[in-house]
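Let me begin by presenting the structure, written as structure tokens, before commenting on it.
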Amino acid sequence: MKIVFAVGSLSGGGAERVVAEIATEMAEKGHEVSVMLVASMENTYGVSEKVKIINCAHNYKSYGFFQRTKDIRRKIKEINPNAFVSFTVAVNIYSVLSCIGLPVRLILAERNDPRYDPKSKLFRIARKVLYPFADYYVFQTEGEQQFFSKKIQNRSIVIPNPVNPNLPEVYQGERTKRFVAAVRLAPQKNLKMAIDAFKMVAEKHEEFIFEIFGHGPLEMELKQYVVENELQGKVVFQGNSKQLYQDIADAYGFVMSSDYEGISNSMLEAMALGIPTISTDYPSGGARENIVNGYNGILVPVGDTKRMAEAMELLIESPDLAKKISENSVSIREKLDVGKITGKWIDYLEK
């Protein structure tokens, strides 16, 4: 097949990483694959040399909406792919308009919880009006799928994210006394709840610290919040890491406190690394579809600080349970192997 993926960039986000991994795997399997970058030519994730990169971002700031749509449409006509697969709401809106009247199958991939994303009222209206014009749809979870109309559901499939194939081996030694989070420092992630929960834990278990990896718009506010709660030295902001997996591999536990997600890639990667993982049971079902509570992770209600603190304490005070959760969570590597997930994509596109 000749397949084009459209995404904002190949840097910084979960959708972007999934595109990089699936496009590479498809190209290695012999398909003719291109990735169209709509917002930025950043490419930190990298793709196979067999994947062609199409630049539709060169005039992103100066082009108006219709100019950009026209540019994307022209590139699609030049390539004439069998399938055009678009990721994220903003790019999906461009893709629908760009593909109108063209003999190409358009597949839209939803990558966040549609109940909360996008925030923009204009984008939500555009999604409602334009999404039905696509041919097919791919969702990460059944919760995402069920948000949409029956007509869209009947032309869709649920395919979860693959786990990063380049993860290091599972750490086997004694785990360090620290909980970690690796997220964008944004309102969606509700890190104040995680900090509040850890504060409750630290009063009893002074030897533990909480490390937060990542940057984002709330960084200064969260750092000030730590100072106000007198947690300096106990809650540590580590910024972005070029070797994140190695930095967190021996952590005692991983914390995901989001109010909503599609599927958290960092949660899946923590599980695959064997880090005992605590996650909020966010509405899309991305956590509960992968975590069996008490078996390979711990689920807590969204926004429930007390339950989050109790989950951390449970791991600390029940080392045998923590070890069992660690051992059981590693099977996510096989369940969400990039070859298996790409195979599901290929089967769907070939239909």
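- In this structure a side-chain-to-backbone donor-acceptor pair under 3.5 Å is present from Ser329 to Met271.
- The backbone N or O of Asn43 lies less than 3.5 Å from no partner atom in the side chain of Ser11, so there is not a single donor-acceptor pair.
- No side-chain heavy atom of Met256 sits less than 4.5 Å from a side-chain heavy atom of Ile278.
- Electrostatic pairing of Lys204 and Glu317 counts as a salt bridge here, judged by a charged N lying under 4.0 Å from a carboxylate O.
- For the side-chain contact (heavy atoms from CB on, under 4.5 Å) with Ile3, the lone residue among Ile346, Ile107, Val85 that qualifies is Val85.
- In this structure the side chain of Lys177 never reaches within 4.5 angstrom of the side chain of Tyr252, judged on heavy atoms.
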- Message: Evaluate Asn190 against Ser257 for side-chain hydrogen bond (donor to acceptor under 3.5 Å, both in side chains), listing each step before the verdict.
- Response: CA-CA 6 Å; Asn190 197 1; Ser257 54; 5.9 Å; no
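- Residues satisfying the side chain to side chain contact (heavy atoms under 4.5 Å, CB included) criterion with Ala287, sequence neighbours excluded, are Met267, Ser279, Tyr282, Leu299.
- For the pair Arg333 (side chain) and Ala272 (backbone), a donor-acceptor distance under 3.5 Å is present.
- Salt bridge Asp117/Arg111: absent, no basic N to carboxylate O contact under 4.0 Å.
- Residue Asp337 holds its CG atom at 11.5 Å from CD1 of Ile332, rounded to the nearest 0.5 Å.
- Here the side chains of Val170 and Leu273 are not in contact, with every heavy-atom distance at 4.5 Å or above.
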- So Glu78 and Arg73, salt bridge (Lys or Arg N to Asp or Glu O under 4.0 Å) or not? Walk me through it. CA-CA 9 Å; Glu78 288 175 3; Arg73 182 179 178 86; over 6 Å; no
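- Once rounded to the nearest 0.5 Å, the distance linking CG of Leu315 with CD of Glu310 reads 12.5 Å.
- Between the side chain of Arg115 and the main chain of Gly143, a donor-acceptor pair closer than 3.5 Å is present.
- Looking at residues two or more places apart in sequence or on another chain, you find a side chain to side chain contact (heavy atoms under 4.5 Å, CB included) between Gln188 and Asn112, Tyr260, Glu261.
- For the pair Arg155 (side chain) and Asp135 (backbone), a donor-acceptor distance under 3.5 Å is present.
- Although no hydrogens or angles enter the test, the distance criterion places no donor-acceptor pair under 3.5 Å between the side chain of Asp196 and the main chain of Lys306.
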- Message: Using the rule given for salt bridge (Lys or Arg N to Asp or Glu O under 4.0 Å), can you reason through Arg68 versus Asp71, listing the C-alpha separation, both sets of side-chain angles and the distance that settles it, and then say yes or no?
- Response: CA-CA 5 Å; Arg68 196 149 51 246; Asp71 191 31; over 6 Å; no
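- Within the 4.5 Å cutoff, the side chain of Arg127 has heavy atoms near those of the Pro114 side chain.
- Taking 4.5 Å as the limit, some side-chain heavy atom of Tyr45 sits within range of a side-chain heavy atom of Glu16.
- Taking all atoms of both residues into account, the shortest heavy-atom contact from Val163 to Arg17 is C-NH1, 4.4 Å.
- Not a single donor-acceptor pair under 3.5 Å links the side chain of Tyr295 to the backbone N or O of Ile298.
- Under the 4.5 Å side-chain criterion, counting only non-hydrogen atoms from C-beta, Ile79 is not in contact with Val104.
- Contact between Met308 and Ala197 at its shortest, heavy atoms only, is CG-CB, 3.5 Å.
- When all heavy atoms of Asp259 and Pro187 are compared, the pair lying nearest together is OD2-O, 4.2 Å.
- Aromatic rings of Phe208 and Phe179 (six-membered ring for Trp) have centroids within the 6.0 Å cut-off, being under it.
- The closest donor-acceptor contact from the side chain of Thr277 to the backbone of Phe254 lies at 3.5 Å or more, if one exists at all.
- Of the possible polar contacts, none joining the Ser326 side chain to the Ala322 backbone as a donor-acceptor pair under 3.5 Å is found.
- Hydrophobic clustering (side-chain heavy atoms under 4.5 Å, transitive across Ile, Leu, Val, Met, Phe, Trp, Tyr) groups Phe139 together with Phe84.
- When side chains are defined from C-beta on, Met36 counts as touching Lys75, because their heavy atoms get closer than 4.5 Å.
- With rounding to the nearest 0.5 Å, the separation of CD1 in Ile325 from CD1 in Ile275 is 13.0 Å.
- Aromatic ring centroids of Trp345 and Tyr136 lie 6.0 Å or more apart.
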- Item | Test log, rule side-chain hydrogen bond (donor to acceptor under 3.5 Å, both in side chains), inputs Asn290 and Lys335 | CA-CA 9 Å; Asn290 292 283; Lys335 176 186 174 183; 3.2 Å; yes
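- Taking SG from Cys56 and CG from Leu37, the interatomic distance works out to 8.5 Å, rounded to the nearest 0.5 Å.
- For Phe148 and Tyr137, the gap between ring centers reaches or exceeds 6.0 Å.
- Looking only at side-chain heavy atoms (C-beta outward), Lys50 and Glu28 come within less than 4.5 Å of each other.
- Taking both residues in full, the closest heavy atoms of Gln140 and Gly262 are given as NE2-CA, 3.5 Å, listed atom of the first, atom of the second, then distance.
- For Glu142 and Arg288, the salt-bridge test fails: no basic side-chain N is under 4.0 Å from an acidic carboxylate O.
- A cation-pi geometry, defined here as NZ or CZ lying under 6.0 Å from the six-membered ring centre and within 45° of its normal, holds between Lys192 and Tyr225.
- Nearest heavy-atom pair across Ala109 and Asn92 is O-ND2, 3.5 Å.
- Between the Arg105 side chain and the Asn82 main chain, no donor and acceptor come within less than 3.5 Å of each other.
- Contact detail for Gln145 and Ser156: the closest heavy-atom pair is NE2-OG, 2.8 Å.
- Annotation: side chain to side chain contact (heavy atoms under 4.5 Å, CB included) contacts of Glu219 (sequence neighbours excluded): Leu185, His215, Lys223.
- The environment of Glu49 atom CD is sparse: at most 12 non-hydrogen atoms of other residues, nucleotides or ligands sit within 6.0 angstrom.
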- Query: Between Ser95 and Ser86, is a side-chain hydrogen bond (donor to acceptor under 3.5 Å, both in side chains) present by the stated rule, with each step listed?
  - Reply: CA-CA 7 Å; Ser95 297; Ser86 178; 2.9 Å; yes
